[in-house]
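Step one of this worksheet: look at the structure below.
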Amino acid sequence: MTTTLIIGLLIPLLGTMLGAAFVFFMKDDMSPRVQKTLLGFASGVMVAASVWSLLIPAMEMEADSGKWSVLPAAVGFLLGMGFLLALDDFTPHLHVGSDTPEGPRSRLSRTAMLALAVTIHNLPEGMAVGVVFAGAEQGATGLSVASAVAVSLGIAIQNIPEGAIISMPMRAEGNSKWRSFLIGSLSGAVEPIGALAVLLLASVLMPVMPYMLAFAAGAMFYVVVEELIPEASAGKHSNLSTIGFAVGFVLMMVLDVVMG
């Protein structure tokens with residue numbers, strides 16, 4: 001379990017690093033067509049992971065409660081959405097491709113605000129990996145080591161395009177390839193940190209595990225609805241993001257069902 005756990009925590013970061021490495025092989029900035037397809041793909045993976053790996057297990061853990069088994073999932077989901085909304089409002093950050101900072105006024109550099117935006121984006125994914133591994137380790141109903149690995153692998157797959165989407169614009173803005181790669185790679189560092197923090201609190205969180213699973217799902221849904229889908233749907237070629245979403249959703253659904 002220890003080896004599997006370490007690998008499971010690091011796989012998402014490796015996916016981000018692989019995507020960030022595209023900056024060494026692509027001469028030009030990423031085309032809008034490719035970017036929209038990848039954004040849609042990432043959205044599909046996150047939605048499927050939220051439903052099959054987080055919300056459904058949260059309700060299965062409360063199956064003895066009958067029709068009220070949905071309550072922890074509903075409450076946790078709303079709390080996760082609210083947490084990311086507050087984090088988004090109170091943290092100065094700048095999204096890739098935007099010139100207008102969000103959150104409170106700050107004297108932070110453009111690079112620092114870009115890093116904060118990515119941190120907000122990736123934190124829920126790290127929490128999702130951590131809470132599923134914690135549940136599997138504690139023997140929670142509906143969760144297994146295999147399903148936890150499936151979540152980690154799915155997040156890693158969608159981190160590949162995310163890493164590229166971050167590093168390529170950094171390169172286009174005049175940063176060196178290595179600097180762009182490092183910034184893109186570091187954007188995924190918050191995921192294993194967030195996952196490890198949840199794991200360290202596993203014994204304390206076990207009584208509220210259904211709420212934590214749904215909390216992570218709500219946080220990921222917030223990122224999808226607030227950031228990924230609007231960026232993927234704006235302007236031309238939005239149909240490509242729809243195709244990407246479908247492929248990502250089905251891939252993550254199959255991964256979870258087959259491995260879980």
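Nothing here was measured: the structure is a model prediction, and the numbers come from that model.
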Is the closest side-chain heavy-atom distance between I160 and F22 below 4.5 Å?
yes
In a table with atom names and distances, give each donor-acceptor pair under 3.5 Å that connects a side chain of residues 122-129 to protein atoms at least two apart or in another chain.
{"residue": "N122", "atom": "ND2", "partner": "S187", "partner atom": "O", "Å": "2.5"}
{"residue": "E125", "atom": "OE1", "partner": "Q158", "partner atom": "NE2", "Å": "3.0"}
{"residue": "E125", "atom": "OE2", "partner": "Q158", "partner atom": "NE2", "Å": "3.0"}

Those residues that, when tested against A156, pass side-chain contact (heavy atoms from CB on, under 4.5 Å) (two or more places apart)
I11
Same cluster (ILVMFWY, side-chain, under 4.5 Å), L13 and I193
no
Can you measure from OG (S69) to CD (E60) and round to the nearest 0.5 angstrom?
10.0 Å
Does L186 have any side-chain contact (heavy atoms from CB on, under 4.5 Å) partners at least two apart in sequence or in another chain, and if so, which?
none
Taking only residues two or more places apart in sequence, or in another chain, which ones meet S185 in a side-chain contact (heavy atoms from CB on, under 4.5 Å)?
M17, A20, F181
Under the side-chain contact (heavy atoms from CB on, under 4.5 Å) test, residues paired with L85 that sit two or more places apart
D89, Y222
Main-chain N/O of A234 paired to S238 side chain as donor or acceptor, under 3.5 Å
no
Taking F25 as the starting point, is it possible to reach V23 by hopping between hydrophobic residues whose side chains are less than 4.5 Å apart?
yes
Is it possible for you to say whether V225 and L54 belong to one hydrophobic cluster, with membership spreading through side-chain heavy-atom contacts below 4.5 Å?
no
If the condition is side-chain hydrogen bond (donor to acceptor under 3.5 Å, both in side chains), which residues does S53 pass it with, not counting sequence neighbours?
D256
Rounding to 0.5 Å, atoms CG (L240) and CZ (R33) come to a distance of 6.5 Å
Least distance between heavy atoms, P72 atom then W68 atom
CD-O, 3.7 Å
Taking every heavy atom of T91 against every heavy atom of L87, the minimum-distance pair comes out as OG1-O, 2.8 Å
Testing the basics here: between G184 and S167, what is the closest heavy-atom pair and its distance to 0.1 Å?
CA-CB, 4.5 Å
Using the test side-chain hydrogen bond (donor to acceptor under 3.5 Å, both in side chains), find all partners of T16 that sit at least two apart in sequence or belong to another chain.
N159
When clusters are formed by joining ILVMFWY residues with side-chain heavy atoms under 4.5 Å apart, either directly or through shared neighbours, do W52 and V70 land in the same one?
no
Tabulate below the donor-acceptor pairs under 3.5 Å that side-chain atoms of residues 248-255 make, not counting sequence neighbours, or state none.
none

In residues 206-221, what donor-acceptor pairs under 3.5 Å come from side-chain atoms, sequence neighbours left out?
none

Same cluster (ILVMFWY, side-chain, under 4.5 Å), M59 and M81:
no
Could you give the side-chain donor-acceptor pairs of residues 38-50 under 3.5 Å, partners two or more places apart or in another chain?
{"residue": "S43", "atom": "OG", "partner": "L39", "partner atom": "O", "Å": "2.9"}
{"residue": "S50", "atom": "OG", "partner": "M46", "partner atom": "O", "Å": "2.7"}

